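Because the structure is a prediction, the values reported are computed rather than measured. The sequence lines fix the lettering, A, B, ..., with proteins before strands; numbering per chain opens at 1.
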Amino acid sequence: MALHLEQLNPEQLAAVTAPDEHLLVLAGAGSGKTRVLTTRIAWLVNSGRVSPAGVLAVTFTNKAAREMYVRLAAMLAFDPRGMWIGTFHGLANRMLRAHHREAGLPREFQILDAQDQLAAVKRVLRALGADPERDSPREVQAYINARKEEGLRAGEIAPADARERRWIELYAAYDEQCRREGVADFAELLLASYELLARNALLREHYAARFRHILVDEFQDTNRLQYRWLKLLASGGAAVFAVGDDDQSIYRFRGAHVGNMADFEREFGVRRLVRLERNYRSHGNILAAANALIARNRHRLGKNLWTEAGAGEPLVVYEAESDAEEAAFVVEQAQALARSGVPLSAIAVLYRSNAQSRVIEHALFTAGLPYRVYGGLRFFERAEVKHALAYLRLLAHPGDDAAFLRVANFPPRGIGARTLEVLADAARARGESLWQAVEALEGRARQALGAFRDLVVRLRAETAGLALAEQVAHVIAASGLEAHYRAEREGAERLENLGELVNAAATFAAEERASGLATGAGDPEGEALDPLNAFLAHAALEAGEHQAGEGREALQLMTVHAAKGLEFDAVFLAGLEDGLFPHEQSLAERDGLEEERRLAYVAITRARHRLYLSYARTRMLHGQTRYALPSRFLDEIPPGLVRWLAPRRPEPAPAARAPQARRPARAGAPAGGFRVGQSVVHPKFGAGVIVDAEGDGAEARVQVNFGREGVKWLAVAVAKLEPA
DNA sequence: GTGAGGCCCCTTTTT
DNA sequence: GGGGCCTCAC
């Protein structure tokens with residue numbers, strides 16, 4: 001089959017045909033990383049260096065895994081099914097299903113997504129009588145996940161203070177609850193899989209002997225546990241091929257540990273390092289801007305992208321008066337691009353935080369320009385879908401308390417919070433699941449809960465033997481969900497989503513018949529999972545996959561985080577204001593600014609031909625008008641690469657723009673000659689913008705945002721402030 | 001037990 | 001400004 005090695009550049013070729021030893025590939029943005037990864041696998045297999053079963057390739061997203069699979073299928077003479085290709089979580093899940101007994105899990109253990117996990121944490125807090133004011137469920141959830149991602153169980157942590165002592169207790173109780181209910185959260189998949197390998201020498205040796213080549217994508221995003229997991233799997237002498245870009249490490253807040261790259265070099269004794277620095281994506285000006293920006297970061301492995309493409313257009317910078325005007329600018333320019341023949345789907349609007357999309361969406365909607373927002377609530381996370389899944393989970397495993405609680409009273413059937421509390425107490429006292437504990441109750445509670453249980457039993461009987469999609473459809477109808485949403489005034493969309501869930505089940509079943517991947521049918525290890533349980537696992541692991549309107553011709557809106565790995569002909573990067581991007585909360589963190597800069601680097605390198613950078617002098621944030629300075633990152637881009645679209649305009653007349661301060665100085669009475677919104681210069685703090693004012697005459701004080709110098713209150717009579 | 005209004009928070013979030 | 005969550009009144 002065609003690998004087209006002759007089309008690779010020398011560095012790519014060196015990586016693809018490297019000998020069987022550990023290798024670190026520093027792959028810059030747009031340097032053909034995925035191609036190298038897949039060609040490497042195909043080359044290894046085709047040249048007989050490894051059998052398909054000896055390959056383990058791991059990514060972070062299902063999308064990346066699927067793309068690798070598809071590309072491999074095109075390069076290989078056979079179906080790549082026998083290889084272990086997937087996400088960390090997907091592969092950990094696969095291993096746990098195959099060895100569930102050794103891992104101490106039921107074969108049909110359910111996977112908790114972040115929402116389910118939060119609900120589970122809340123139940124633990126309640127059961128232990130913890131005060132959610134003092135220990136917020138979200139914080140406890142984050143704490144548990146962070147510890148799991150460090151590979152630590154509750155018993156292995158030394159508390160730093162009283163608060164952590166409480167959290168460790170909650171962690172232990174949470175894990176206990178999960179084990180009792182037969183469920184596993186995302187981090188648990190990895191940790192349990194890691195522990196399985198660490199403790200079970202036989203299994204470890206089996207897998208370590210099996211995998212001869214381990215390939216890891218986006219290595220800079222691995223956390224400590226994932227690193228250790230890989231290390232165990234490689235303990236049998238496998239060659240680890242790690243591809244990453246330290247400059248694109250933007251998930252530290254989720255536990256990603258860039259240090260893994262350096263650790264890998266050291267601990268694995270890596271002798272070869274390949275740098276992919278030739279960029280095939282962007283025009284020269286865009287790359288030069290990206291290079292100049294990222295060069296300001298101190299902790300780098302070092303890399304400079306270059307291209308043979310021309311310089312292209314200069315970057316366009318636009319200063320908008322307000323967020324609304326910035327949105328209007330984006331719409332206008334996007335329309336112009338569309339007229340000149342750029343497909344809408346090749347244009348992206350990127351922003352730092354999700355809240356920024358609203359004003360842009362509003363402008364796009366008004367202009368009648370089709371757009372699509374990525375992120376937000378994903379298909380399998382929608383309430384109605386989760387309700388339907390909860391019924392299905394109860395069919396598969398009645399001991400699933402989380403599912404029980406979610407739908408016992410949905411649609412409403414007279415089982416209130418009080419009743420469920422009584423049931424929970426009974427279950428705890430008897431050491432049983434909620435389902436079992438119904439027996440222990442009496443009177444009205446017993447009757448209502450009994451009726452619910454009968455419903456589930458009936459559903460199970462009625463769906464036995466049906467095809468997966470029919471099972472799903474029947475449960476939606478007979479559970480009362482359908483009737484409930486039909487009666488609801490705004491239930492139409494929810495009904496549509498439930499219909500879509502049936503489609504998703506049908507699609508899943510069809511793909512599963514073809515590949516046998518999710519049920520493990522194609523795998524010699526372990527027993528196969530039934531279609532319903534496989535579908536439930538799929539729903540948890542690939543929550544975002546099922547998005548409506550995927551390939552539609554529409555402008556693409558997303559956060560910079562969500563854009564990683566993607567590319568567009570034209571990119572708008574909106575909201576380049578100090579405090580927003582870089583985000584003010586990042587500045588307090590150690591090396592927070594560097595991570596923000598990497599984020600900006602990721603944003604810039606998404607663009608192929610055109611890049612528009614914009615910021616707004618005023619922005620509605622949390623219901624208040626905020627005044628901001630341009631992002632410091634704009635200053636870090638060499639001026640020669642940039643064209644200011646509407647040159648920084650002179651101060652508009654005050655009347656034209658009467659900005660609303662939180663506590664406006666008395667109307668028409670500027671504080672000591674200064675106005676809110678005005679640009680000023682201070683001899684020590686430099687340029688700033690007045691964001692608030694109070695008093696007048698000799699008492700007048702103004703609050704000035706000096707960007708990186710901070711926000712300060714100054715007495716006008718004393719401070720040497722001058723209009724900019 | 002259920003639904004409506006008030007209160008609080010508010011970066012990013014591949015799985 | 002707005003969504004999720006909780007409390008309070010029926």
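- If you find the closest nucleotide of DNA chain B to G90(A) and to P412(A), the one lying nearer the 5' end belongs to P412(A).
- Every residue meeting the side chain to side chain donor-acceptor pair (under 3.5 Å) condition with Q141(A), not counting sequence neighbours, appears here in chain and number order: Q117(A).
- The ring of H561(A) does not lie on top of the base of dT12(B); it is either too far (5.5 Å or more) or too tilted (30° or more).
- A187(A) comes within contact range of no nucleotide atom at all, as no heavy-atom separation falls under 4.0 Å.
- Atom-to-atom, CE of M620(A) to P of dG2(C) comes out at 9 Å; the value is rounded to the nearest Å.
- Nucleic acid contact for Q115(A): none, since no nucleic acid atom lies under 4.0 Å from a heavy atom of the residue.
- The residue T59(A) sits apart from the nucleic acid: no heavy atom pair falls under 4.0 Å.
- Aromatic stacking is not marked for Y251(A) over dT12(B), as the cut-offs of 5.5 Å for the centres and 30° for the planes do not both hold.
- N223(A) is linked by a side chain to side chain contact (heavy atoms under 4.5 Å, CB included) to E149(A), L225(A), Q226(A), counting only residues two or more places apart in sequence or in another chain.
- Taking atom CD on Q585(A) and atom C1' on dT13(B), their separation rounds to 15 Å, with Å as the unit.
- If you measure from atom CD of Q248(A) to atom C1' of dT14(B), you get 13 Å, rounded to the nearest angstrom.
- Here dT12(B) presents its P atom at 17 Å from CZ of R252(A), a figure rounded to the nearest Å.
- Atom pair Q220(A):CD and dT14(B):C1' shows a separation of 11 Å (rounding to whole Å applied).
- Annotation: salt bridge (Lys or Arg N to Asp or Glu O under 4.0 Å) contacts of R35(A) (sequence neighbours excluded): none.
- Distance from the side chain of S586(A) is smallest for dT11(B) among the nucleotides dG1(B), dT13(B), dT11(B).
- In this model, the phosphate group of dT2(B) is approached by a side-chain N or O of N409(A) to a distance below 4.0 Å at OP1 or OP2.
- Atom CG in L91(A) sits about 18 Å away from atom P in dT14(B), given to the nearest Å.
- Projected onto DNA chain B by closest heavy-atom contact, L599(A) and F60(A) fall at different nucleotides, the more 5' of which corresponds to L599(A).
- If you check the side chains of N497(A) and E384(A), you find a donor sitting under 3.5 Å from an acceptor.
- Using a 4.0 Å cutoff on non-hydrogen atoms, the parts of residues 348-360 of chain A near DNA chain B are R352(A), S353(A), N354(A), ordered by number.
- Atom CD in Q624(A) sits roughly 11 Å away from atom C1' in dG1(C) (whole-Å rounding).
- The side chain to side chain donor-acceptor pair (under 3.5 Å) search around D175(A) returns K148(A), R153(A), not counting sequence neighbours.
- Closest to the H89(A) side chain, of the nucleotides dT12(B), dT15(B), dT11(B), is dT15(B).
- The residue Q117(A) sits apart from the nucleic acid: no heavy atom pair falls under 4.0 Å.
- Between N62(A) and dT14(B) there is no side-chain polar atom (N or O) within less than 4.0 angstrom of OP1 or OP2.
- Take F60(A) and apply the ring pair (Phe, Tyr, Trp, His ring centres under 6.0 Å) test, not counting sequence neighbours, and it matches F88(A).
- With R228(A) contributing its side chain and R224(A) its backbone, the two residues share no donor-acceptor pair below 3.5 Å.
- Taking atom P on both nucleotides, dT13(B) is separated from dG4(C) by 16 Å, rounded to a whole Å.
- N297(A) and Y601(A) are not linked by any side-chain donor-acceptor pair at a separation below 3.5 angstrom, with hydrogens and angles left out of the test.
- Contact between the side-chain N/O atoms of T559(A) and the OP1/OP2 oxygens of dT11(B) is not found at any separation under 4.0 Å.
- dT14(B) atom P lies 14 Å from atom OH of Y374(A), rounded to whole Å.
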